[in-house]
Amino acid sequence: MEKSNLKWDELENKIIETSNEKENVEEVKNIQEKKEVEKNKKEEKPKNKKNIILPIIIVSIIFIIALIFSTIFAIININNNNIVSGMKIEGIDVSGLSRDEAKSKIELVYNEKIEKDITLKYKEYDATINPKLVEANYDIEKAVEEAISVGKNNNIIVNNYNILLALMGKKDINVNMAINEEIAKKTIEDIGANIPEAVVEPDYYIENDKLIITKGKEGLKINTEDLIEKIKRNFEEPFFNEEYIEIPVINKIPEKIDIDKIHEEVYKEVQDAYYTKDPFTIHPEVEGIDFNLEEAKKLLEEDKEQYEITLTITKPKVTTSQIGSEAFPDLVGTCTTRYDASKKDRSTNLIIACQKINDKVIMPGETFSYNKALGERTPAAGYKNAAVYENGKVVDGIGGGICQISSTLYNAVLKANLGIVERRNHQFVTSYIPAGQDATVVYGMTDFRFKNTRKYAVKIKASCSNGIATVSIYGIKEENEYSISFDTRTISTIPYTIKYEENKNLAAGTEKVSQVGANGVITETYLVKSLNGKIVSRTLLSKDTYNAMQRIIVRGTKGASTNNNTNSGNNNNNNSNNNTENNKPEEKPEEKPEENKPPVEEKPTENPDIVDNSQSSNNSDISESTQEI
């Protein structure tokens with residue numbers, strides 16, 4: 001038994017020793033593997049360092065070389081007074097040019113652009129607008145300065161970056177452009193009155209014992225802001241190639257008739273005229289005017305284009321005319337214009353206008369309205385057809401000529417030292433009054449209004465006979481009674497253009513001038529006040545723009561072949577361009593076929609109010625289709 005135990009113990013020890021030997025072998029293997037890994041890492045580190053350092057050294061060398069050359073390049077360009085290569089201003093190459101050379105090159109482009117009319121079109125209607133008309137101004141000097149400064153004004157990196165952009169053709173400087181938006185809006189307002197189906201706002205006037213209220217009509221209104229943006233984009237781009245600008249319109253519902261407001265404006269209590277001596281004050285008569293407000297409201301419930309409301313008129317027992325000359329002893333302002341008395345219909349309109357304003361008394365602080373005094377120009381009111389402006393042409397229209405009386409009144413009012421509330425110049429310069437001294441009207445749209453800013457009441461005396469129209473203002477002279485004169489200066493001229501129209505009823509080769517072209521003008525008129533022969537003030541009265549009137553030549557096509565017509569059309573374009581550039585108002589078309597006869601001038605509607613050598617149009621509120629010249 002004892003022997004057996006010893007054998008077991010020996011066996012156990014042997015097993016333990018064998019197990020330990022295996023563990024030692026494995027441990028040795030692990031240690032050897034770790035040493036091998038550490039050895040490999042030590043060998044790889046130098047290689048990795050070499051792989052990283054080498055590119056860094058190469059990049060650094062390239063950067064240093066680039067920096068050296070970049071610095072040299074930048075220094076050279078800083079000392080270069082000319083524009084860097086590849087630079088453009090609004091697409092115009094100005095590479096290597098000096099400041100003056102670049103400015104001259106850009107100005108040449110824009111000076112040509114500023115002379116060209118731009119066509120605005122809506123359906124069949126079209127109108128023109130000229131950059132000069134809206135005082136387009138191009139800041140060319142700023143653009144040139146910006147071009148000169150490229151590559152010179154910043155740090156080396158920015159300078160070289162900008163120079164690189166220029167060389168790549170990606171540096172194009174804009175020319176800042178600005179227009180007189182007030183004039184632009186007035187011009188668009190004029191155009192808006194002429195577009196087909198334009199909105200008509202409600203209005204009213206008094207005719208004898210009737211209050212006439214016009215309902216107004218839903219229609220189109222020009223989107224002014226949108227159109228101004230389109231016009232500005234056209235003006236900004238030196239090579240704008242679109243044939244015309246489409247006029248953007250929006251639908252507009254007229255305002256509702258405010259009968260309560262009308263009643264408040266119309267209602268007056270009757271008052272006899274009288275005057276007091278200490279202080280001397282005239283109290284003119286006032287006709288009592290009233291109407292039944294409730295009945296008027298019921299009437300307006302009916303769907304009508306025009307409403308007539310009977311007024312209750314109470315006449316005063318004493319009028320200012322009965323007071324006599326004591327009330328208005330002094331002539332404080334007068335103006336006389338001439339007209340062609342042989343034109344019976346136009347003369348009739350002038351006489352009616354004078355009758356409407358004659359003996360009107362305006363109290364201190366009161367505002368006089370020419371349109372309210374004359375009422376709507378209708379055949380029923382006695383007005384006749386005479387010359388009016390329509391779409392840049394002179395045609396017959398109702399009430400033509402009454403603007404001569406409003407212009408005559410305007411000058412008398414100015415000489416009487418009264419305040420102007422509303423006044424617009426004509427679309428074209430007239431012959432009966434100098435440019436800058438006219439006042440146009442369009443019923444329901446453009447009025448002439450003035451305010452009695454004197455201490456005492458004034459009376460209008462107006463007469464029209466034997467080709468002479470006179471409007472005078474009577475009142476009482478004040479302590480300082482100024483002598484008034486005008487100083488009108490022409491700021492610039494707008495050249496007219498030529499339009500050719502074909503007439504199939506006119507023999508081929510025949511030309512007729514249906515409308516004589518005339519240049520437009522921009523004027524500044526100053527009001528000069530003198531006291532005892534010495535000038536005491538000189539103030540800007542108005543700045544007026546008169547558009548150029550297009551010269552229209554009709555060319556016969558009767559019996560002409562298609563080829564001839566085509567050639568004729570080409571000649572037309574050449575003639576128009578040549579005439580505009582040379583600015584010769586009466587220049588005849590060039591390159592006419594030898595068989596063509598010289599154009600025969602004939603005006604479809606003779607108009608004594610138009611100046612043939614300086615007609616123009618403004619941004620008056622005059623709508624061409626209704627302008628009562």
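Since we're looking at a predicted model, the values are computed, not measured.
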Please tabulate, for the side chains in residues 244-252, all donor-acceptor contacts under 3.5 angstrom to protein atoms that are two or more places apart in sequence or on a different chain.
residue: Asn251; atom: ND2; partner: Glu218; partner atom: OE2; Å: 2.5
residue: Lys252; atom: NZ; partner: Glu201; partner atom: OE2; Å: 3.0

query = Is there a donor-acceptor pair under 3.5 Å between the side chain of Ser406 and the backbone N or O of Thr440?
reply = no

key: Check: Pro434 main-chain N/O paired with Asp438 side-chain donor or acceptor under 3.5 Å   = no

query = Donor-acceptor pair, Ser347 side chain versus Lys343 backbone, under 3.5 Å?
reply = yes

task = Applying side chain to side chain contact (heavy atoms under 4.5 Å, CB included), run through Val413 and Phe368 and close with a yes or a no.
result = CA-CA 11 Å; Val413 165; Phe368 173 86; over 6 Å; no

ask   = If we ignore angles and hydrogens, is there a donor and acceptor under 3.5 Å between the side chains of Gln404 and Thr337?
value = yes

key: Between CG on residue Asn223 and CD on residue Glu229, distance to nearest 0.5 Å   = 10.5 Å

query = Do side-chain atoms of Lys451 reach the backbone of Val421 as a donor and acceptor pair under 3.5 angstrom?
reply = no

message = If I compare all heavy atoms of Asn466 with all of Tyr339, which pair ends up nearest, and what's the gap?
response = N-OH, 3.7 Å

task = State, to 0.1 Å, how close Gly192 and Ala198 come at their nearest heavy-atom pair, and which atoms those are.
result = O-CB, 3.3 Å

key: Closest non-hydrogen atom pair, Pro238 against Val109   = CB-CG1, 3.6 Å

query = Just wondering, do Arg551 and Val513 contact through their side chains at under 4.5 Å, heavy atoms?
reply = yes

remark   = Between the SG atom in Cys464 and the CG atom in Asn358, the distance rounded to the nearest 0.5 Å is 11.5 Å

inquiry  = Rounded at 0.5 Å granularity, tell me how far CD in Glu181 sits from OG1 in Thr187.
reply    = 12.0 Å

message = Using salt bridge (Lys or Arg N to Asp or Glu O under 4.0 Å), reason through Lys221 and Glu189 one step at a time and then give a plain yes or no.
response = CA-CA 9 Å; Lys221 180 180 182 295; Glu189 182 182 335; over 6 Å; no

task = Step by step, work out the salt bridge (Lys or Arg N to Asp or Glu O under 4.0 Å) result for Arg233 and Glu237.
result = CA-CA 6 Å; Arg233 283 198 299 271; Glu237 298 178 19; 6.0 Å; no

ask   = Rounded to the nearest 0.5 Å, what separation is found between the CZ atom of Arg489 and the CG atom of Leu540?
value = 10.5 Å

inquiry  = Side chains of Ile553 and Glu511, heavy atoms from C-beta outward: is any pair under 4.5 Å?
reply    = yes

inquiry  = What I want to check is whether the side chains of Tyr110 and Glu112 have a donor and an acceptor closer together than 3.5 Å.
reply    = no

query = Between Asn349 (side chain) and Gly400 (backbone), is there a donor-acceptor pair under 3.5 Å?
reply = yes

task = Using distance alone, with no hydrogens and no angle criterion, decide if Asp447 and Ser369 have a side-chain donor and acceptor under 3.5 Å apart.
result = yes

Lys512 with Glu501: basic N within carboxylate O range, under 4.0 Å = no

inquiry  = Let's go through Thr470 and Ser472 carefully: what are the C-alpha distance in whole Å and the side-chain angles of both, what is the deciding distance for side chain to side chain contact (heavy atoms under 4.5 Å, CB included) to 0.1 Å, and is it a yes or a no?
reply    = CA-CA 7 Å; Thr470 301; Ser472 300; 3.8 Å; yes

message = For a salt bridge (Lys or Arg N to Asp or Glu O under 4.0 Å) check, start with the C-alpha distance between Asp396 and Arg346, then their side-chain angles and the critical distance, and finish with the verdict.
response = CA-CA 10 Å; Asp396 279 347; Arg346 188 175 186 279; over 6 Å; no

key: Heavy atoms of other groups near Ile491 CD1, more than 12 under 6.0 Å   = yes

query = Does Thr523 use its side chain to pair, donor to acceptor, with the backbone of Thr490 at less than 3.5 Å?
reply = no

inquiry  = Using the rule given for side chain to side chain contact (heavy atoms under 4.5 Å, CB included), can you reason through Val521 versus Ser492, listing the C-alpha separation, both sets of side-chain angles and the distance that settles it, and then say yes or no?
reply    = CA-CA 6 Å; Val521 292; Ser492 62; over 6 Å; no

Tyr383/Asp345 under side chain to side chain contact (heavy atoms under 4.5 Å, CB included): CA gap, chis, key distance, verdict = CA-CA 8 Å; Tyr383 292 100; Asp345 288 344; over 6 Å; no

request  = Verify salt bridge (Lys or Arg N to Asp or Glu O under 4.0 Å) between Lys132 and Glu115, making sure each step is shown before the conclusion.
outcome  = CA-CA 7 Å; Lys132 280 187 176 180; Glu115 297 293 340; 3.2 Å; yes

ask   = Which residue, Phe448, Phe486, Phe450, forms the ring-ring contact (aromatic ring centres under 6.0 Å, His included) with Tyr410?
value = Phe448

ask   = With a 4.5 Å heavy-atom cut-off, do Ile106 and Glu90 have their side chains touching?
value = no

key: Between CD1 on residue Ile206 and CD1 on residue Ile213, distance to nearest 0.5 Å   = 10.0 Å

inquiry  = Looking at Lys372, I'd like to know if its NZ atom is crowded, meaning that more than 12 non-hydrogen atoms belonging to other residues, nucleotides or ligands lie closer than 6.0 Å.
reply    = yes

ask   = Which heavy atom of Ile352 sits nearest a heavy atom of Gly382, and at what distance?
value = CD1-O, 3.2 Å

task = Of all the heavy-atom pairs spanning Ile402 and Leu350, show the shortest one and how long it is.
result = N-CD1, 4.4 Å

ask   = Is the closest side-chain heavy-atom distance between Ile398 and Lys384 below 4.5 Å?
value = no

key: Minimum side-chain heavy-atom gap Leu527-Arg538 below 4.5 Å   = no

query = Backbone N or O of Asn176 within a donor-acceptor pair of the Asn174 side chain at under 3.5 Å?
reply = no

query = How are the rings of His426 and Tyr432 set to each other: parallel, tilted or perpendicular (split at 30° and 60°)?
reply = perpendicular

message = Quick check on Lys142: does its NZ atom have over 12 non-hydrogen neighbours (other residues, nucleotides or ligands) under 6.0 Å away?
response = no

Trace of the side-chain hydrogen bond (donor to acceptor under 3.5 Å, both in side chains) decision for Glu207 with Tyr205 = CA-CA 7 Å; Glu207 190 74 58; Tyr205 62 95; 5.0 Å; no

query = Can you tell me if Asn371 and Arg377 form a side-chain donor-acceptor pair at under 3.5 Å?
reply = yes

key: Taking every non-hydrogen atom, the tightest pair across Pro495 and Thr493   = CD-O, 3.6 Å

ask   = For residues Thr488 and Thr525, is any side-chain donor paired with an opposing acceptor at under 3.5 Å?
value = yes

ask   = Can you check side-chain hydrogen bond (donor to acceptor under 3.5 Å, both in side chains) on Ser483 and Ser530, steps first, answer last?
value = CA-CA 5 Å; Ser483 175; Ser530 301; 5.4 Å; no

task = Determine whether Phe235 and Val134 make a side-chain contact, defined as any pair of heavy atoms from C-beta on separated by less than 4.5 Å.
result = yes

message = Would you say that Gln515 contacts Lys499 through its side chain, given a criterion of any heavy-atom pair below 4.5 Å between the two side chains?
response = no

request  = May I ask you to test the Tyr138-Lys113 pair for a side-chain heavy-atom distance under 4.5 Å?
outcome  = yes

key: Side-chain donor/acceptor of Asn234 to backbone N/O of Lys230, under 3.5 Å   = no

